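This report concerns only the one structure given below.
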Amino acid sequence: MKPGETKEIYIYNTLSGEKEKFEPLNPPFVGMYVCGPTVYNDVHLGNCRTFISFDVVFRYLQHIGYKVRYVRNITDAGHLENDADEGEDKIAKKARLEQLEPMEVVQRYTVGFHRIMERFNVLPPSIEPTATGHIVEQIQMIKKILDEGLAYEVNGSIYFDVKKYMEKEPYGELSGRNVDELIAGSRELEGQSEKRNPLDFALWKKASPTHIMRWESPWGEGFPGWHLECSVMSTKYLGEVFDIHGGGMDLKFPHHECEIAQCTAAHHKKPVRYWMHANMLTLNGKRMSKSTGNTLLPQEIFSGQNPFLSKPYSPAVVRFFMLQAHYRSTLDISDEALAAAEKGFRRLMDAVALLPELKAAEKSTFDVRAAVQKVYDALNDDFNTPIAIAELFEIVRIINLMNTGQESLTASDLLYLSERVKALVHDVLGLEDDTRATTDTSKLDAVIQILIEMRQKARADRNFALSDQIRDQLLKAGIQLKDTKEGTTYTLL
RNA sequence: GGUUCUGUGGCCGAGGGGCUAGGCAGAGGUCUGCAAAACCUCCUACACCGGUUCGAAUCCGGUCGGAACCUCCA
């Protein structure tokens, strides 16, 4: 990569509430951790948006020359049913309901998750660790926090002592919470809780006799708490301090706040330099919720099998649609919005496909470098994909004008434009045209050429009934003819 | 109820004190035998009510929607 186009990157850091210049701890290396899915259910479309957003971050950082280690975990244990930490392990519950082994549930939904990610063209992370694979490390971290005197044991469970922690460190910085207000706002748990303080959270939970997922620990059989795995796995693979931590907005509090507390308690260092949070996805202006039926699964979009959709939309179209909004804004998905995105996506893809067809000229009639630079400027500004795409559409217009001979480029400018546009569209935005037939079309091509020639002859003979019949019937078969000055071309719809 | 964010043209969305993206849809035009595609032109908006300012969609306050989290509940 020759990042001549790139200057500095600015990232909105949730911690400061401002865009900050990105300076990795150990350039050219970048450590990035993103909270992955809990695999007790199908991936939620909102999760997909988060992972697509961070996929672009991952891709762009690599594109401009960083060596990124991207860690995204799989939560396959430990998430409890409610924040009172009194609930049943979600995975264990699902297993009981479906009469499956917990790991069977985990396996099923992990595979499903990977399949969906692949369809969205989300790159696999560098490391995808699981919570159950790091029980030993989690126990070690709990010991450390106990040694620091910042956790306490009650009946075989360990809780983090937020009040004690706050004597030395702030808690609530990331989410902007005022702890006194939180305490005032939280209801006493009527003596049900083992916690000394409602804000305390579990590091380790004693397993009830019926609890299936359980591990040996110094405090008896149990399972790790809600927030611990991310602290443990980010530390193990990225170090005690690393560059970027991402996740959905909904994880800001308490999950990420707890992560900071755990790491700081154990290592005396703030773990993360840049916190990034992706915003939520709404459906038809309302939050998605199973209970109200306002939901949409990825596979339902791909198949069109959902009452909110008039037709199926390809994964690339959905990805493109999501990238047309900034990751920090809420995004509303609807059939109408997807249909509009699909048209725009095709326009972009058609222009990219046109690039190899363009002919170089004596001189350039516009500034390619400036046009490309604008795309980079947008991405450098907190990964602003909607502006990047808007600038790409300016380039699309120019490509189309070149195609009709109204603009021209020298061979070197054309090569530059071609390389950059392809890199930005395919490598950075991760957009591949999956809306057209991609199988081998060489034979089909020959057949269509015959039909095009026959139609040309009919047109020359002014037999328009025949020429239109050929065109219209091809269109019905999903083949669209386009008459240009240079001759007739076609696209497979 | 509390904390935080948010409300942009027919739709989706950037931007964020004066220069006012982009996509889709719509209208007109060029091209075409007619279409399609492409290109050109047009439609020029910032929830509401006050305030600050020479000037506000952009800042401040209030009202009303929406969202996230806390709480509650499953």
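Scope of the values below: all heavy atoms of this structure, side chains included, with no hydrogens, waters or symmetry mates. Since the structure is predicted, the reported quantities are computational estimates derived from the model, not experimental observations. Residue numbers begin at 1 in each chain, while the letters A, B, ... track the order of the sequences.
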Subject >> Candidate nucleotides B:G23, B:G22, B:C12, ranked by approach to the side chain of A:A390 - the nearest >> reply: B:G22
**OP:** Would you mind reading off the distance between A:Y327 atom OH and B:G15 atom P, rounded to a whole angstrom?
**Re:** 11 Å
Original post:
Mapping A:E394 and A:Q406 to their closest nucleotides on RNA chain B, which lands nearer the 5' end?
Top reply: A:E394
**OP:** Return the set of residues passing side-chain hydrogen bond (donor to acceptor under 3.5 Å, both in side chains) with A:D367 (not counting sequence neighbours), or none when no residue passes.
**Re:** none
Original post:
How close or far is atom P of B:G22 from atom NZ of A:K343, stated in whole angstroms?
Top reply: 19 Å
**OP:** Could you work out which one of B:A68, B:C24, B:A21 sits closest to the side chain of A:P386?
**Re:** B:A21
Original post:
Just checking, A:R369 and A:Y416: is the charged tip under 6.0 Å from the six-membered ring centre and within 45° of the axis?
Top reply: yes
Subject >> Nucleotide paired to B:A67 in any strand shown, Watson-Crick or G-U, under 3.5 Å >> reply: B:U4
**OP:** Round to the nearest Å and state the distance from A:W226 atom CH2 to B:C69 atom C1'.
**Re:** 10 Å
Subject >> Nearest-nucleotide comparison on RNA chain B, the residue closer to the 5′ end among A:H326 and A:R455 >> reply: A:H326
Original post:
Can you tell me how far P of B:U6 sits from CG of A:D250, to the nearest Å?
Top reply: 17 Å
Original post:
Looking at the side chain of A:L401, which of B:C69, B:A68, B:C39 is the nearest nucleotide?
Top reply: B:C39
Original post:
A:F321 CZ to B:G22 P: how many Å, rounded?
Top reply: 19 Å
Subject >> From A:F120, A:Y327, A:F113, residue fulfilling ring-ring contact (aromatic ring centres under 6.0 Å, His included) relative to A:F51 >> reply: A:F113
**OP:** If B:C59 has a Watson-Crick or G-U wobble mate with both distances under 3.5 Å, name it; if not, just say none.
**Re:** B:G51
Original post:
Is there a Watson-Crick or G-U wobble partner for B:A27 with both distances under 3.5 Å, and which nucleotide is it?
Top reply: B:U41
Original post:
When all nucleic acid strands are considered with a 4.0 Å heavy-atom cut-off, which category describes A:E342: base, sugar-phosphate, or nothing?
Top reply: nothing
Original post:
Between A:K19, A:K374, A:R328, which is the residue that forms a salt bridge (Lys or Arg N to Asp or Glu O under 4.0 Å) with A:D381?
Top reply: A:K19
**OP:** Return the stacking result for B:G33 and A:F464: yes when the ring centres lie under 5.5 Å apart and the planes under 30°, no otherwise.
**Re:** yes
Original post:
Within the structure shown, what part of the strands sits under 4.0 Å from A:R347 by heavy-atom distance: base, sugar-phosphate, or nothing?
Top reply: sugar-phosphate
Original post:
Between B:A35 atom C1' and A:L474 atom CG, what is the distance in whole Å?
Top reply: 14 Å
Subject >> base_contact_polar (B:C69 base, A:R177 side chain, donor-acceptor, <3.5 Å) >> reply: yes
Original post:
Atom CG of A:L475 and atom P of B:C34: how far apart are they, to the nearest Å?
Top reply: 19 Å
